[in-house]
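Whatever order the structure lists ligands and atoms in, that order sets their numbers, starting from 1.
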Amino acid sequence: MIKMQNSNKPNSRRKFIITAAKGTALSIGLAGMSELLPACNTIKNIPIPPGISTGYQQQPLPYSYDSLEDVIDKLTMEIHYTKHAATYTKNLNEAAKAEGVDIKKPLEDVLSKISKYSVKMRNNAGGHYNHELFWKSMRPKTNDNKPAGNLMIAIEKGFGTFPGFKTQFNDAAKNRFGSGWAWLYRDASANLKIGSTANQDNTLMDISDIKGFPVLGLDVWEHAYYLKYQNKRADYIENWWNVVNWEFIQQRFDAI
Ligand SMILES: [Fe+2]
């Protein structure tokens with residue numbers, strides 16, 4: 001985890017430079033999907049690495065609407081991206097203008113102080129942030145899809161086994177009553193945790209019961225799966241693992 005106050009120590013400084021470089025590489029590697037920001041922002045002991053913050057504009061979908069077809073159908077993707085998510089972005093910008101938010105600053109700044117803003121801001125800042133993360137967290141289906149390297153080691157350390165981790169995450173997603181999200185996040189001690197939030201809340205919000213840097217998020221609103229899966233949320237969750245972009249999740253894991 002980045003400790004800014006220790007960055008004058010050789011090892012810590014080296015680690016910070018490496019981590020910052022990774023954040024920059026992530027931003028450049030995912031051109032157009034992240035905004036390169038000038039400083040490392042710390043939100044209530046949760047460091048937000050430079051280059052990984054989310055801006056206020058909807059970024060292009062990194063694949064076509066039919067790319068995830070076996071798991072998420074084309075019509076669902078199109079409606080989800082162009083209607084639901086686009087509306088969150090539009091309403092977020094309306095709320096930001098009305099409430100005097102400087103949209104040149106990271107959206108994470110607002111999320112960390114969301115209790116000071118309107119319900120409209122809470123719902124739409126969360127909705128925009130969560131969906132921007134969600135699109136990037138997926139890619140076309142691959143066989144034997146799973147994490148590798150230090151991320152897999154951390155998952156096994158935290159949850160026993162990868163299948164055991166998936167079971168716990170699935171339970172968080174299945175048991176979220178109504179609409180919301182399941183999360184894999186790093187808490188203030190950089191430990192991996194699983195949890196869920198209601199509606200469009202997320203783990204960066206000061207009002208959230210679970211707090212940390214979101215590494216992976218799953219949308220379990222019915223608009224994300226109902227056309228293909230109807231009431232079978234569990235089937236959607238199980239299939240979704242086939243399209244998780246573990247390289248992107250690895251970058252988020254490494255960045256903090
Ligand atoms: Fe959604």
Side-chain angles (χ1 to χ4, degrees), residues 30 33-34 54-96 107-108 110-111 114 119-141 169-170 172-185 194-205 207-208 210 214-245 248-249 252:
L30 300 174
M33 296 193 288
S34 296
T54 298
Y56 284 73
Q57 298 305 314
Q58 191 177 35
Q59 300 301 318
L61 199 65
Y63 35 75
S64 60
Y65 297 129
D66 61 357
S67 293
L68 312 180
E69 188 71 53
D70 286 350
V71 174
I72 302 174
D73 60 282
K74 178 182 177 181
L75 184 58
T76 294
M77 281 301 300
E78 185 168 1
I79 293 172
H80 200 176
Y81 179 81
T82 65
K83 306 298 182 189
H84 294 281
T87 300
Y88 293 127
T89 307
K90 173 178 173 289
N91 290 342
L92 164 63
N93 280 275
E94 285 179 4
L107 180 58
E108 288 85 347
V110 169
L111 295 173
I114 203 69
V119 172
K120 179 175 181 176
M121 183 75 84
R122 174 176 171 175
N123 289 338
N124 292 285
H128 172 73
Y129 181 93
N130 296 348
H131 286 85
E132 288 295 290
L133 173 58
F134 187 54
W135 310 133
K136 289 178 251 179
S137 299
M138 298 187 290
R139 66 178 175 197
K141 186 177 180 179
F169 190 97
N170 290 352
K174 285 187 285 191
N175 294 332
R176 165 49 54 193
F177 184 76
S179 301
W181 292 73
W183 300 103
L184 174 67
Y185 63 99
I194 289 171
S196 77
T197 54
N199 302 317
Q200 294 296 351
D201 290 351
N202 64 43
T203 61
L204 292 172
M205 292 180 172
I207 47 79
S208 178
I210 55 171
V215 175
L216 174 67
L218 173 59
D219 187 345
V220 293
W221 282 59
E222 286 186 344
H223 68 224
Y225 63 87
Y226 204 83
L227 292 180
K228 184 178 179 70
Y229 297 92
Q230 293 84 48
N231 62 316
K232 297 185 281 289
R233 181 191 284 187
D235 290 354
Y236 157 67
I237 295 167
E238 190 59 43
N239 280 347
W240 173 75
W241 292 108
N242 293 309
V243 295
V244 172
N245 183 347
F248 176 74
I249 305 309
R252 288 184 70 85

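A distance of 6.5 Å separates CG in Asn202 from OH in Tyr129, rounded to the nearest 0.5 Å.
Proximity of Ser196 to Asn175: side-chain heavy atoms (C-beta onward) are nowhere separated by under 4.5 Å.
Ring orientation note: the planes of Tyr81 and Tyr65 are tilted relative to one another, at an angle of 30° to 60°. Between His131 and Trp135, the ring planes lie tilted relative to each other; the angle falls in the 30° to 60° range.
Ionic pairing of Lys74 and Glu78 is not present here: no N-O contact between side-chain nitrogen and carboxylate oxygen is shorter than 4.0 angstrom.
Residues Thr76 and His223 approach most closely at CG2-O, 3.7 Å, considering heavy atoms.
Less than 2.8 Å away from the Fe ion (ligand 1), the protein contributes these N/O/S atoms: His80 NE2, His131 NE2, Asp219 OD2, His223 NE2.
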